[in-house]
Each structure stands twice: as structure tokens, then as C-alpha cells.
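Below: the structure, in C-alpha cells.
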2 protein chains.
Amino acid sequence: MGRIHGHEPRGPGAAGGMRPCCRRAGGGGRGALVEPAALAALLAKSAHGYDLRREIQRMTGGELEVDAGGLYRVLRRLEDEGFVTSVWAEGDSGPQRRDYELTAEGRELAEDWVAHLRERERLSGLLADSLSAAMKKDTE
Amino acid sequence: MGRIHGHEPRGPGAAGGMRPCCRRAGGGGRGALVEPAALAALLAKSAHGYDLRREIQRMTGGELEVDAGGLYRVLRRLEDEGFVTSVWAEGDSGPQRRDYELTAEGRELAEDWVAHLRERERLSGLLADSLSAAMKKDTE
DNA sequence: GACAGTATATGCAGCATACATCTAGACAGT
DNA sequence: ACTGTCTAGATGTATGCTGCATATACTGTC
């Protein structure tokens, strides 16, 4: 999912000089971001997947660029679990679009995600502080 | 890894009422925490795995309780990658202990983790804000 | 016809987590 | 002697999230 903008564009095999904590695959071990991002976009407006992806970019000021494939997978799962509903958009020309909409449960899930993300925010900060403190002590 | 303290002790099969964003396995999709926690503990003091686990609990005020098995796996990998070194502690009674120590590369890795965790902190906050904002707008 | 953009979807590899289980020494209680 | 608990290390397995590659298909442009 989310590549952080501002990092070097890194061509195909250009992960050379990066350290493990940033180099690792699977999002580099950052937490789940696609699902909450999708929910946030859906709260802003009901839309189809491709559009939600743009909405996520817009919302985050271009910082979060989710993988399209991953986004569709997440939307499917959210639908299976009853947090969103979808219908094929009709009467349009062009490729078929599937319009997604949040359910009441989806809105509750979004609330839970806020708490969850705040917790992650706090824990990340706590660990960063611990590391900083220990490093400082180490240099003394 | 880290179970957050304060959540109900949840007996064996007691994941019943929890929502997906908190219920999911694999750490619930929170980011990597064991590795940075281990590095922070090792910065504080060289020690063996079991003790590092306690140190992590102490450091975080009991908030982060890493899985022992996972911790040993992480330490092994860090050693394979040259970030820590280990020796079997000798002359002791009791079960064998393996003492771990940070290398210079390990200290650099810890620095990288600080930046990485700050980034995660910021991104989690950003998403939480986006969700909150969208939810607020939704209620108006 | 070739190509780019829109739109949805699947396959795969890699990392991280949680829970269960295994070995093994030391020690206390019955 | 048997049982249980704590310490200490390690492995197996299931689940989940990510990123990248790839496949399909429609539309409009050159």
C-alpha cells in the first residue's frame, strides 16, 4: 500500500542502500492503513474504488498512495463483513464501475479505527521516545 | 506480539465481541513493534532474551508485552544481519542463557527506527484526523 | 492498429504477529 | 518420587497486511 511520497522514486531494483527497517517488504512493517483510509474516503463520499483511491491521495495531501489491487481486496472484504455495500453502476459508458457505500456498521467501524489509530500513534511515539532516550544515555 | 494491557484478559476463545480492526490476528495490523522494542531494550542494557522481554515491559510501563517466541526469532534475525552479537553465558546454573549485545550497526539501525516510528506516528495521527473530520462532517 | 487512461481483479512473495507446543534446568511443595 | 512453577530458548502454524506484477476490458486519441 502506501508509499510515502518524498522518498526517492526508487527504480525497479533500487532498494540497495536502504536499511532493513525501511527496506522490508509488506509495507515495511507499518500498520494496516488501507482499510482505515478506505473508510475515511467512504465517509467523505460514496464512490467506486478507483475514485476512492484518488480521494485517499487528496485527503492525505498526496502522502498516502494505496495500492489499487490492495484497495479492491479490502473493499471486497469489508463488503463480505457487512461494513460496505456495493452495486454495479449502470448506464455508463466505459469500464464497469462498482459503487461502494458505507453501512451503519461501517460507520461504527470507522469510529473504532480512530481509537485504534490513536493507540498506534501513541505506542509508536512511546517506542520512539524510548529509543531516543536510550540512545542519548548511551552517548553520555 | 504486544498485547495492550488494560484490555480484558480474554480467555482462550473469547474474541467474541471485538471488532475486526482490533480482532484480527497478526498483531491486528499494527506495525512492527518487536524489533524496535528489542533494540530499545538492548540500548538500555545488554542482556539475554528473557530479560529483554522484561526490560521492554518495564520501559513501556507495562504497555507492551511482546511474545517470547517472536522476540527470540527477531533476535536471531538481527544477529544474522549483523545488528547484534550473542554468546552463550557460561558458568551459570539454571537453563542456558544467550547474552545479546548491540553492534555499531545495531545502534545505527536504532536511529533509523526512531525516524521510522515518528513517521508511523505522524501517519497514524493523520489518518485518525481524517477519519474524525469525515465523521464530524457526516453528522452535521 | 498501437497506445494511454480508466476500472476491477487475482497471484505471489515477504514480513510481522499471536497462540500453541516442545525441550530443559532449578527449585519448592506434597 | 511426583507435581507444579519459574526461567530460558526455540519452533510450528495460522492469519493478516503490504507491494509488485499481471490479466481483463472498455474508451478515446494519434
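Quick caveat: nothing in here was measured; it's all calculated off a predicted structure. Atoms considered below: every heavy atom in the structure, side chains included; atoms not considered: hydrogens, waters and symmetry mates.
Using a 4.0 Å heavy-atom criterion, one finds that R54(B) contacts the sugar-phosphate atoms exclusively. As judged by a 4.0 angstrom heavy-atom cut-off over every strand, R73(B) is placed among the base-contacting residues.
Counting to the nearest Å, the P atom of dT15(D) and the CG atom of D67(B) are 17 Å from each other. Rounded to a whole Å, the CZ atom of R77(B) is 8 Å from the P atom of dT17(C). Atom CG in D51(B) sits roughly 17 Å away from atom P in dC6(D) (whole-Å rounding). Per the geometry, CG belonging to L123(B) stands 17 Å off P belonging to dC17(D), to the nearest Å. Atom-to-atom, CD of E81(A) to C1' of dC17(D) comes out at 13 Å; the value is rounded to the nearest Å. Rounded to an integer number of Å, the gap from L75(B) CG to dA8(D) C1' is 12 Å. For the pair H116(B) NE2 and dT18(D) C1', the interatomic distance rounds to 12 Å; values are reported in whole Å. The separation between R97(A) atom CZ and dA7(C) atom P is 6 Å, rounded to whole Å.
To the nearest 0.5 Å, the span separating CG on L52(B) from OH on Y72(B) amounts to 9.0 Å.
A close approach under 4.0 Å does not occur between any side-chain nitrogen or oxygen of R76(B) and OP1 or OP2 of dG9(D). In this model, the phosphate group of dG9(D) is approached by a side-chain N or O of Y72(B) to a distance below 4.0 Å at OP1 or OP2.
Of the listed nucleotides (dC17(D), dA8(D), dA9(C)), dC17(D) has the atom at the smallest distance from the side chain of A32(A).
Between R54(B) and D51(B) there is a salt bridge, since at least one side-chain N of the basic residue sits less than 4.0 Å from a carboxylate O of the acidic one.
In this structure, a donor-acceptor pair under 3.5 Å is absent between the side chains of Q96(B) and W88(B).
Looking at E55(A), its side chain never comes within 3.5 Å of a backbone N or O of K45(A) through a donor-acceptor pair. In this structure a side-chain-to-backbone donor-acceptor pair under 3.5 Å is present from R120(A) to A32(A). Under a 3.5 Å cut-off, the side chain of T103(B) and the backbone N or O of F83(B) do form a donor-acceptor pair.
Comparing G69(B) and P95(B) against DNA chain D, the residue whose closest nucleotide sits nearer the 5' end is P95(B). Between Y50(B) and G70(A), the one whose closest nucleotide on DNA chain D sits nearer the 5' end is Y50(B).
Of the residues in residues 37-45 of chain B, not one comes within less than 4.0 Å of DNA chain D through any heavy atom.
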Walk me through it: do Y50(B) and R97(B) pass the test side chain to side chain contact (heavy atoms under 4.5 Å, CB included)? CA-CA 9 Å; Y50(B) 204 82; R97(B) 292 181 299 147; over 6 Å; no
